[in-house]
Amino acid sequence: MFEKQIAWAAKEDLFISPESVAGVLNGSAGRTSGIIVTIDDCDPSVYAVALPILRKYGVEAVLFAITDRIGSDNHMTAAQLKSSVDQGFVVGSHSRSHPHMAKLDAEQLQSEAALSRRILQDITGSPVEMFAYPYGNKQSISPETRSALEAAGYSIAFTSQMGAVTPGVDPLAVPRLNIEHGDPVWTFGALCHGHLDDWDAACRSLGLSRFQY
C-alpha cells in the first residue's frame, strides 16, 4: 500500500523537498502546492522497507528519531541514521525520550530538545533543523516548548494537528496530514490534493476525529 501511494503521488508530481517548507511558510517558495513525507519514531522497518521504496521513486523524506531509543529493537541504529542522510534523506529530532513536552520543566525541555539535536548531529554529520513533537497534540505544545525549540536551534517543528501548511503558519507549530493505515483507499488522493482540508477543519471545530460522522 505504501508503494502504491508513493508511486501515485510521484506520477502526479506532488512531491517537493523538505527544504521547501520554510519557503512555503514565509511566502518565498516558488512552488506552494505539494507534499513532503515525514515519518516519526524511526522503526527499523523504515530503513528496511520505506526508504528503498522512496529511493525507487526519487522521493525525499524526513525521519524523526528518538535518541534514547537508537539501536533498540524498535528503532533504527546510528549507522542506519547516518546511511539515511548519506542517501539524501533528512533526519530530525523526535526528542530524547518521547515525553509530553509541555509537562516538562525548563531543564528537561532543554535536554529533550537541545541534547537530542546534538546527538543526531554527531551521528549524521549534518545539521538537524527539524523537530517533531512527541504525540503532537495541543496538550504537548506550549509557549515554553516553543521557546525551548527555538533556543535549541530548530527552524521547523511539526505537530500532529491536522491541517495544510500555508504561508503565515508558525514554523514551530506546523500541522501535518496524517496518513493512517485504516483510512479508506480514496482518502489518500483526496488528502494529497487538498480536497479534505476544509473537512478536517470542520471536524476539529466540532471535536470529531477524522472522517467521523
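Since this is a predicted model, take the numbers as computed values, not measurements.
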Has [X] got a side-chain atom pairing as donor or acceptor with [Y]'s backbone, closer than 3.5 angstrom?
{"X": "S160", "Y": "Y135", "result": "yes"}
{"X": "N178", "Y": "E180", "result": "no"}
{"X": "S116", "Y": "E112", "result": "yes"}
{"X": "R96", "Y": "I66", "result": "no"}
{"X": "E60", "Y": "I36", "result": "no"}

Pairwise side-chain contact, [X] with [Y], heavy-atom cut-off 4.5 Å (strictly under):
{"X": "L25", "Y": "I156", "result": "yes"}
{"X": "F89", "Y": "P18", "result": "no"}
{"X": "L63", "Y": "V46", "result": "yes"}
{"X": "I70", "Y": "I123", "result": "yes"}
{"X": "L54", "Y": "I6", "result": "yes"}
{"X": "Q5", "Y": "I179", "result": "yes"}
{"X": "F64", "Y": "I39", "result": "no"}
{"X": "P167", "Y": "N26", "result": "no"}

Criterion side-chain contact (heavy atoms from CB on, under 4.5 Å) on V90 and V85, from CA distance to verdict: CA-CA 6 Å; V90 176; V85 170; over 6 Å; no
Considering only NZ, NE, NH1 and NH2 on the basic side and carboxylate oxygens on the acidic side, decide whether [X] and [Y] come within less than 4.0 Å.
{"X": "D86", "Y": "K82", "result": "yes"}
{"X": "D41", "Y": "R69", "result": "no"}
{"X": "E3", "Y": "K56", "result": "yes"}

How far does [atom1] of [X] sit from [atom2] of [Y], to the nearest 0.5 angstrom?
{"X": "W8", "Y": "F188", "atom1": "CH2", "atom2": "CZ", "answer": "6.5 Å"}
{"X": "C192", "Y": "I35", "atom1": "SG", "atom2": "CD1", "answer": "4.0 Å"}
{"X": "S142", "Y": "L104", "atom1": "OG", "atom2": "CG", "answer": "9.0 Å"}
{"X": "T67", "Y": "D122", "atom1": "OG1", "atom2": "CG", "answer": "11.0 Å"}

Closest contact, heavy atoms only, [X] versus [Y]:
{"X": "L109", "Y": "A148", "result": "CB-CB, 3.9 Å"}
{"X": "L120", "Y": "S93", "result": "CD1-CA, 3.6 Å"}
{"X": "M101", "Y": "S95", "result": "SD-CB, 4.4 Å"}
{"X": "A113", "Y": "L149", "result": "CB-CD2, 3.9 Å"}
{"X": "F158", "Y": "M130", "result": "CE1-SD, 4.0 Å"}
{"X": "S20", "Y": "I16", "result": "CB-CD1, 3.9 Å"}

S83 and Y47: side chain to side chain donor-acceptor pair (under 3.5 Å), yes or no, with the steps? CA-CA 9 Å; S83 174; Y47 190 80; 2.8 Å; yes
So for atom CG, which belongs to D105, do other residues, nucleotides or ligands contribute more than 12 heavy atoms lying within a distance under 6.0 Å?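 It does: D105 CG has more than 12 such atoms within range.
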Whether over 12 other heavy atoms sit under 6.0 Å from Q110 CD: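 Yes, enclosed.
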Any chance you could lay out the side-chain contact (heavy atoms from CB on, under 4.5 Å) test for L172 and T145, step after step, and finish with the verdict? CA-CA 9 Å; L172 293 177; T145 63; over 6 Å; no
Taking atom types as modelled, is there a side-chain donor on [X] or [Y] under 3.5 Å from an acceptor on the other?
{"X": "Q80", "Y": "S84", "value": "no"}
{"X": "D43", "Y": "H75", "value": "no"}
{"X": "S126", "Y": "Q121", "value": "no"}

Could you tell me if the ring centre of Y133 sits under 6.0 Å from that of F131?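 Yes.
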Counting the benzene-type ring for Trp, do W186 and H193 have ring centres under 6.0 Å apart?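 Ring centres of H193 and W186 not closer than 6.0 Å.
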Would you sort out whether R117 and Y154 count as a side-chain contact (heavy atoms from CB on, under 4.5 Å), showing the intermediate values? CA-CA 9 Å; R117 182 172 185 255; Y154 296 99; 3.1 Å; yes
Pair R176-T159, side chain to side chain donor-acceptor pair (under 3.5 Å): steps then yes or no: CA-CA 7 Å; R176 287 189 280 184; T159 72; over 6 Å; no
Show your reasoning for whether side chain to side chain donor-acceptor pair (under 3.5 Å) applies to S140 and N137. CA-CA 5 Å; S140 301; N137 53 26; 2.6 Å; yes
